[in-house]
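Shown next, in structure tokens, is the structure this report addresses.
Positions are given from 1, in the same order as the sequence printed here.
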Amino acid sequence: MGATLSASDLRKGVKLEIDGEPYLIVDFEFSKPGKGQALYRCRLRNMITGVQFDRTYRSGDKFLEADLEEQEMEYLYREGNRYHFMNTSSYEQVELTEEAVGDAKNFLTENLHVDMLFFKGSPIGISLPNFVELRVIKSDPGIKGDTASGATKPATLETGYEIQVPLFIEEGDVLKLDTRTGTYVERVKTSN
């Protein structure tokens, strides 16, 4: 069972248990009207279903911290809409649905190490490393002479994910991506 939290502990990223399900605070706003109690406006996301809603709490409200456990896993493969992972220490395999994996599927490559989140012993989702490297499999050639700063073009990565990249990026380049924003960071030098 998780620890008890008070309203003053609420922040973006805190995980709560409400009605037996885990919720993540995805947005948070504190306000203190001239008179009366402080208000904590939270945008909550159900960590299993992905449903989001807003809720306002008052100072003095108590919450249960979600009973979550993280385990390091290695992504193995995808079969239909099931994603298979292996615990790197026990070699136990776990599968997640495409809904549970969510947008992380855009960055999953074989042998990528991720943190899998378990709620009361059941897997509910994964956390990616902040940065991953993916190869460009399709990108139109840049237009010669078009060097305006900030110009971009679409590129398709090995996972099928499409992003906007600078014009100098070519097919076969390996890119460093920020998984939190899903955006291009830099081109990675490779030995081949």
**Asked** Between CG of Leu10 and OH of Tyr57, what distance do you get to the nearest 0.5 Å?
**Response** 7.5 Å
**Asked** Is Lys12 positioned over the aromatic face of Phe28, cation under 6.0 angstrom from the ring centre and no more than 45 degrees off axis?
**Response** no
NZ/NE/NH1/NH2 to OD/OE distance under 4.0 Å, [X] and [Y]:
{"X": "Arg187", "Y": "Asp173", "result": "yes"}
{"X": "Lys138", "Y": "Glu171", "result": "no"}
{"X": "Lys120", "Y": "Glu17", "result": "yes"}
{"X": "Glu133", "Y": "Lys176", "result": "no"}
{"X": "Arg78", "Y": "Glu98", "result": "yes"}

With a sphere of 6.0 Å drawn around [atom1] of [X], does it hold more than 12 non-hydrogen atoms of other residues, nucleotides or ligands?
{"X": "Phe53", "atom1": "CZ", "value": "yes"}
{"X": "Asp54", "atom1": "CG", "value": "yes"}
{"X": "Gln52", "atom1": "CD", "value": "yes"}
{"X": "Arg82", "atom1": "CZ", "value": "yes"}

**Request:** Could you check if a side-chain atom of Pro129 sits within less than 4.5 angstrom of a side-chain atom of Leu112, using non-hydrogen atoms only?
**Result:** yes
**Request:** For residues Ile124 and Pro22, determine if any side-chain heavy atom of one lies less than 4.5 Å from a side-chain heavy atom of the other.
**Result:** yes
**Prompt:** Parallel, tilted or perpendicular: which describes the rings of Phe30 and Tyr40, with under 30° parallel and over 60° perpendicular?
**Reply:** tilted
**Request:** Answer yes if the side chains of Glu95 and Gln93 hold a donor-acceptor pair under 3.5 Å, and no otherwise.
**Result:** no
